[in-house]
S.K.: 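First the structure, which I've put down as structure tokens, then a few questions once you've had a look.
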Amino acid sequence: MNTLIKPGATRQLKNRTSFRQSVRNSLTMAYRGLLKIKRTPEQLFDVTLQPIIFTLMFTYIFGGAISGDVQNYLPVIIPGILVQTVIGTSIVTGVQLREDMEKGVFDRFKSLPISRIAPLAGALLADTVRYTIATVLTFVMGYIMGFRPEGGLGYVALAALLVIGCSWAVSWIFAFFGVIARTASSVQGISMLVLFPLTFLSNAFVPVNTMPDWLQWFVNVNPISHLVSAVRNLVNAGTMGSDIVYSLVGAAAIVAIFAPITVRAYMRRT
């Protein structure tokens with residue numbers, strides 16, 4: 001005898017999924033995201049070519065003018081390029097999320113007996129792999145050019161984890177844009193308008209004291225500046241100052257604000 005599934009039964013099943021099932025479903029969706037990267041490796045161009053191009057370009061253009069030579073500029077620019085590249089990569093989270101929703105992929109997920117939050121959580125988890133690739137390549141490129149972190153390998157690893165964690169937090173902002181925007185191109189445009197001023201109006205590339213007085217106040221309160229300073233202190237001196245505290249508190253605040261509203265907006269859309 002055939003078993004009839006009542007309308008809404010799948011949704012009720014999703015609502016009853018346990019935390020353990022939600023985690024397992026989210027990891028499965030993260031694996032799906034990694035398979036997408038494997039099948040279309042050009043998705044990694046931004047995290048593989050950008051660190052190399054930006055490091056070479058900024059170092060040889062600004063190195064002599066700012067620090068006298070390339071070697072003295074590397075401890076300044078490598079942390080700046082690292083933060084700019086990895087934070088910039090978080091935009092992809094929102095863009096790809098919007099693309100999946102436009103193609104109806106999430107509509108198919110709604111018919112499956114899985115946690116409703118799993119596709120969103122899986123996308124955010126999968127992108128941490130992109131952040132890790134960008135982080136490793138930036139440090140490797142710096143090492144090839146002669147950068148030798150005085151803080152040692154342990155503090156370099158700690159700096160990497162800090163940048164990856166903060167980038168994951170920022171990705172919640174762009175995930176929110178991805179859920180509420182109408183097109184993937186609009187997500188990218190809005191995200192660049194937010195991120196571009198924050199990364200370039202910071203201490204990532206030039207000393208703050210070389211800027212006009214009216215601009216210095218913004219640079220000094222810019223969260224990107226605090227993150228760059230925290231990374232510099234870790235990799236160049238092996239010290240942890242107040243900047244790392246500001247960065248972690250800022251990341252936690254972003255997640256606390258944007259995670260609930262992103263999940264709420266995502267639930268309404270799906």
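No experiment lies behind these values; they were computed from the predicted model shown.
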S.K.: Looking at A160 and T135, what are the two nearest heavy atoms and their distance?
M.R.: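 So the two residues come closest at CB-CG2, 3.5 Å.
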
S.K.: Can you sort out the partners of D243 under side chain to side chain donor-acceptor pair (under 3.5 Å), two or more places apart, ordered by chain and number?
M.R.: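 H226.
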
S.K.: Is any side-chain heavy atom of Y155 closer than 4.5 Å to one of V235?
M.R.: no

S.K.: Parallel, tilted or perpendicular: which one describes the rings of F62 and F58, with boundaries at 30° and 60°?
M.R.: tilted

S.K.: Kindly write out the residues that satisfy ring pair (Phe, Tyr, Trp, His ring centres under 6.0 Å) with F200, not counting sequence neighbours, or none if the list is empty.
M.R.: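 If we apply the ring pair (Phe, Tyr, Trp, His ring centres under 6.0 Å) test to F200, skipping adjacent residues, the hits are F196, F205.
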
S.K.: Got V231 and V163 here, is their nearest side-chain heavy-atom distance under 4.5 Å?
M.R.: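 Touching, per the 4.5 Å side-chain cut-off.
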
S.K.: Grab the two heavy atoms, one from V156 and one from P149, that are nearest each other, plus how far apart they are.
M.R.: CG2-CB, 3.6 Å

S.K.: Working to the nearest 0.5 Å, report the span between OG1 of T93 and CZ of F174.
M.R.: 9.0 Å

S.K.: Please enumerate all residues that pass side chain to side chain donor-acceptor pair (under 3.5 Å) together with S186, with sequence neighbours excluded.
M.R.: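 S186 satisfies side chain to side chain donor-acceptor pair (under 3.5 Å) with T183 once adjacent residues are dropped.
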
S.K.: With no hydrogens and no angle check, is any side-chain donor or acceptor of N236 less than 3.5 Å from a backbone partner on P75?
M.R.: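 Checking the backbone N and O of P75 against the side chain of N236, a donor-acceptor pair under 3.5 Å is found.
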
S.K.: Report the residues that fulfil side chain to side chain donor-acceptor pair (under 3.5 Å) with N220, sequence neighbours left out, ordered by chain and then residue number.
M.R.: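 Side chain to side chain donor-acceptor pair (under 3.5 Å) list for N220, sorted by chain: empty.
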
S.K.: So, does N233 use its side chain to make a donor-acceptor pair with the main chain of S229 at under 3.5 Å?
M.R.: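 Yes; at least one donor-acceptor contact below 3.5 Å.
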
S.K.: Do you know which two heavy atoms are closest between S90 and S167, and how far apart they sit?
M.R.: CB-O, 3.7 Å

S.K.: Could you check whether any side-chain N or O of R98 sits under 3.5 Å from a backbone N or O of V187, counting only pairs where one atom can act as donor and the other as acceptor?
M.R.: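 Here the side-chain-to-backbone pair does not exist.
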
S.K.: Determine whether F177 and I91 make a side-chain contact, defined as any pair of heavy atoms from C-beta on separated by less than 4.5 Å.
M.R.: no

S.K.: How about N203 and R232: do any of their side-chain heavy atoms sit closer than 4.5 Å?
M.R.: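 Result yes, sub-4.5 Å side-chain heavy-atom pair found.
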
S.K.: Step through the shown structure and confirm whether more than 12 heavy atoms of other residues, nucleotides or ligands are within 6.0 Å of CE on M57.
M.R.: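 Atom CE in M57 is crowded, with more than 12 foreign heavy atoms closer than 6.0 Å.
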
S.K.: Following the transitive rule for hydrophobic clusters with a side-chain heavy-atom cut-off under 4.5 Å over Ile, Leu, Val, Met, Phe, Trp and Tyr, establish whether L227 and L161 coincide in one cluster.
M.R.: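 Per the 4.5 Å side-chain linkage, L227 and L161 are not co-clustered.
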
S.K.: Decide yes or no on side-chain hydrogen bond (donor to acceptor under 3.5 Å, both in side chains) for S202 and N222, but give the supporting numbers first.
M.R.: CA-CA 7 Å; S202 70; N222 186 348; 4.9 Å; no

S.K.: What distance do Q84 atom CD and T199 atom OG1 have between them, rounded to the nearest 0.5 Å?
M.R.: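 Rounded to the nearest 0.5 Å, the CD-OG1 separation comes out at 5.0 Å.
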
S.K.: Given T132 and I164, is the side-chain contact (heavy atoms from CB on, under 4.5 Å) satisfied, shown in steps?
M.R.: CA-CA 7 Å; T132 303; I164 292 171; 3.6 Å; yes

S.K.: Is a side-chain donor or acceptor of S191 paired with a backbone partner of Q188 at a separation under 3.5 angstrom?
M.R.: no

S.K.: Any side-chain heavy atom of L162 within less than 4.5 Å of one from L248?
M.R.: yes

S.K.: Do side-chain atoms of Q216 reach the backbone of M211 as a donor and acceptor pair under 3.5 angstrom?
M.R.: yes

S.K.: Heavy atoms only: give me the nearest Q71-M145 pair and the separation to one decimal.
M.R.: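 Closest approach of Q71 to M145, heavy atoms only: NE2-O, 3.2 Å.
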
S.K.: So which pairs with a foot in residues 123-144 pass ring pair (Phe, Tyr, Trp, His ring centres under 6.0 Å), sequence neighbours left out?
M.R.: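 Found none.
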
S.K.: To the nearest 0.5 Å, what is the distance between CE (M29) and CG (L27)?
M.R.: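 Here the rounded value is 11.5 Å.
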
S.K.: How long is the span from the CG atom in L97 to the CG atom in L124, to the nearest 0.5 Å?
M.R.: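 If we round to the nearest 0.5 Å, L97:CG and L124:CG are 7.5 Å apart.
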
S.K.: Measuring from atom CD1 of I77 to atom CD1 of I61, what distance do you get when rounded to the nearest 0.5 angstrom?
M.R.: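 Separation between the atoms: 10.0 Å.
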
S.K.: Sequence neighbours excluded, which residues qualify as side chain to side chain contact (heavy atoms under 4.5 Å, CB included) partners of P223?
M.R.: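 None.
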
S.K.: In this structure, would M240 and L82 fall into the same cluster of hydrophobic residues linked by side-chain contacts under 4.5 Å?
M.R.: yes

S.K.: Do other residues, nucleotides or ligands put more than 12 heavy atoms under 6.0 Å from the OH atom of Y31?
M.R.: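 Open: at most 12 neighbouring heavy atoms sit under 6.0 Å from OH of Y31.
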
S.K.: Using atom types as modelled and distance alone, determine if a side-chain donor or acceptor of T128 lies under 3.5 Å from a backbone N or O of L125.
M.R.: yes

S.K.: Return yes if a side-chain donor-acceptor contact under 3.5 Å exists between D127 and T89, otherwise no.
M.R.: no

S.K.: Are W214 and V219 connected in a single hydrophobic cluster, I mean Ile/Leu/Val/Met/Phe/Trp/Tyr linked by side-chain heavy atoms less than 4.5 Å apart?
M.R.: yes

S.K.: If every non-hydrogen atom of R130 is compared with every non-hydrogen atom of V92, which pair is closest and at what distance?
M.R.: NH2-CG2, 3.4 Å

S.K.: Give a yes or no on whether V86 and Y246 share a hydrophobic cluster (residues Ile, Leu, Val, Met, Phe, Trp, Tyr; joining criterion: side-chain heavy atoms under 4.5 Å apart).
M.R.: no

S.K.: Once you round to the nearest 0.5 Å, how far does OG of S67 lie from CG of L74?
M.R.: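 The OG atom of S67 sits 9.0 Å away from the CG atom of L74.
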
S.K.: Does V136 belong to the same Ile/Leu/Val/Met/Phe/Trp/Tyr cluster as L56, with side-chain heavy atoms less than 4.5 Å apart forming each link?
M.R.: no

S.K.: Looking at every non-hydrogen atom in both residues, tell me the closest pair between V255 and W168 and how far apart they are.
M.R.: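 What the structure gives for the nearest pair is CG2-CZ3, 3.9 Å.
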
